[in-house]
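Each remark here refers to the structure printed beneath this line.
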Amino acid sequence: MRRSLVMGNWKMNGSLAANQVLLEALLAKWQGVHKAEVAVAPVSLHLAQVGQLLSGSNIQLAAQDASAHASGAFTGEVAAAMLSELDCRYVIVGHSERRQYHAESSELVAKKAKAVLAEGMVPVVCVGETLSERDAGQTLAVISEQLSPVIALFGASLAQIVVAYEPVWAIGTGKTATPEQAQAVHAFIRDQLGAAGEQVRILYGGSVKPANAEALFAKTDIDGALVGGAALKADDFYAICRAAD
Ligand SMILES: O=C(CO)COP(=O)(O)O
């Protein structure tokens, strides 16, 4: 049985003070989420302070990206080992915003995922098609291309990753994939992962809200959510976590 996972991706939002207020509001109402695992991913600069606020709670710390390199002359990058030092449990890699605005290839994303795993953390590998790719009937081909370097690089450790399916057209647009559309892609991803597939949690991301979370989580292959905008509102994020519990 796969344990559901809800992760809040705060992206590049909020001052440290604002994020502290958000977390305190979340922790104040934090009862009743026992079965689902929950994590929040602040910007790397805030990880230490957010980690301190989370200590004693059952909310895990996550990072939004990691370098593929272990250390050295890579200005602006943050190594996986540094994230591990701050007790991060999860690291998002290959978010569409990184692929789109920072030209990250699927090969680079796979290397980042491997670097995260090597430091004892869980990579959350994001995949997803754009609207024009969907309209052209290329959704599954795109997902397959994005996953294949990860599958090739991970081998037997593939069961240890988390995958997030985030259709680009649903991110921050208020347009969610229908539960049926998401389920079809999740089932495809699980199939692509082969024998490891049964164990891998596959999250859906893209305009997840309290109003649509339950219907998404009811689908067989949707094991949780990667939440952007709604994770910045304590009430909404809490409601999504409850729906996964
Ligand atoms: O990109 C996302 C999470 O990583 C989804 O963002 P939204 O929930 O704001 O659509």
Side-chain angles (χ1 to χ4, degrees), residues 4-14 18-19 22 26 36-44 46-47 50 59-66 83 88-102 104 106 109 112-113 116 121-131 133-134 139 142-143 146-147 150 161-179 181-182 185-186 189 201-217 222-244:
S4 43
L5 170 63
V6 177
M7 190 174 296
N9 176 8
W10 291 354
K11 307 192 180 183
M12 200 177 68
N13 288 297
N19 288 341
L22 169 63
L26 187 63
E37 203 177 344
V38 176
V40 293
V43 291
S44 58
H46 294 173
L47 282 168
V50 170
I59 303 178
Q60 311 268 359
L61 190 62
Q64 297 178 14
D65 187 30
L83 301 173
C88 279
R89 168 119 187 82
Y90 294 97
V91 183
I92 299 168
V93 292
H95 191 281
S96 63
E97 288 147 17
R98 304 275 337 154
R99 293 179 190 262
Q100 195 177 347
Y101 307 133
H102 302 272
E104 292 195 4
S106 298
V109 171
K112 288 184 167 196
V116 168
M121 300 172 292
V122 178
V124 179
V125 179
C126 299
V127 296
E129 81 288 1
T130 62
L131 187 58
E133 288 164 343
R134 174 163 281 264
T139 299
V142 168
I143 304 290
Q146 291 171 336
L147 276 179
V150 179
I161 71 169
V162 169
V163 175
Y165 169 55
E166 298 206 306
V168 178
W169 49 272
I171 296 178
T173 58
K175 245 200 216 174
T176 328
T178 63
Q181 282 174 322
V185 178
H186 282 229
I189 293 170
R201 287 177 290 179
I202 306 174
L203 315 182
Y204 169 79
S207 300
V208 177
K209 304 271 182 294
N212 58 29
E214 210 162 319
L216 287 160
F217 297 155
I222 301 183
D223 303 314
L226 185 53
V227 186
L232 299 173
K233 296 178 193 143
D235 287 348
D236 285 5
F237 189 62
Y238 181 66
I240 294 166
C241 293
R242 284 298 301 255

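Ligands are counted one by one from 1 in listed order, and the atoms in each one are counted from 1 as well. Keep in mind that the numbers below use all heavy atoms, side chains included, and drop hydrogens, waters and symmetry copies. Quick caveat, the model's predicted, so the values are computed rather than measured.
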(request) Kindly determine whether Glu129 and Val185 satisfy side-chain contact (heavy atoms from CB on, under 4.5 Å), including the steps that lead there. (result) CA-CA 10 Å; Glu129 81 288 1; Val185 178; 5.5 Å; no
Near [X], which atoms of ligand 1 are under 4.0 Å from a heavy atom of that residue?
X: Leu226; answer: 3 (C), 4 (O)
X: Glu166; answer: 1 (O), 2 (C), 3 (C), 4 (O), 5 (C)
X: Gly206; answer: 5 (C), 10 (O)
X: Ser207; answer: 7 (P), 8 (O), 10 (O)
X: Gly172; answer: 7 (P), 9 (O), 10 (O)
X: Asn9; answer: 3 (C), 4 (O)
X: Gly229; answer: 7 (P), 8 (O), 9 (O)

| Where's the contact between Ala170 and ligand 1, heavy-atom distance under 4.0 Å: side chain, backbone, both or neither? |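 Under 4.0 Å from ligand 1, Ala170 contributes backbone atoms alone.
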Could you report the tightest heavy-atom contact between [X] and [Y], atom names first, then the distance?
X: Trp10; Y: Gln64; result: C-NE2, 3.9 Å
X: Ala63; Y: Leu47; result: CB-CD1, 4.1 Å
X: Ala36; Y: Cys241; result: CB-O, 4.3 Å
X: Thr176; Y: Ala170; result: CA-CB, 4.3 Å

Item checked: Close N or O approach (Val227, ligand 1; < 3.5 Å) ->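 Between Val227 and ligand 1 (N or O atoms, distance only) the closest approach is not under 3.5 Å.
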Does ligand 1 come near enough to Glu97 that some N or O of the ligand is less than 3.5 Å from an N or O of the residue?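 No; every N/O pair is 3.5 Å or more apart.
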For the atom pair [atom1] ([X]) and [atom2] ([Y]), what is the distance rounded to the nearest 0.5 Å?
X: Ile202; Y: Leu5; atom1: CD1; atom2: CG; result: 12.5 Å
X: Asp223; Y: Phe217; atom1: CG; atom2: CZ; result: 10.0 Å
X: Met121; Y: Cys88; atom1: CE; atom2: SG; result: 6.5 Å

Closest approach of any protein heavy atom to atom 8 (O) of ligand 1, naming residue and atom: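 Checking every protein heavy atom, the shortest distance to atom 8 (O) of ligand 1 gives Gly228 N, 2.9 Å.
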Could you tell me if any non-hydrogen atom of Met7 lies under 4.0 Å from any atom of ligand 1?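 No, Met7 has no heavy atoms under 4.0 Å from ligand 1.
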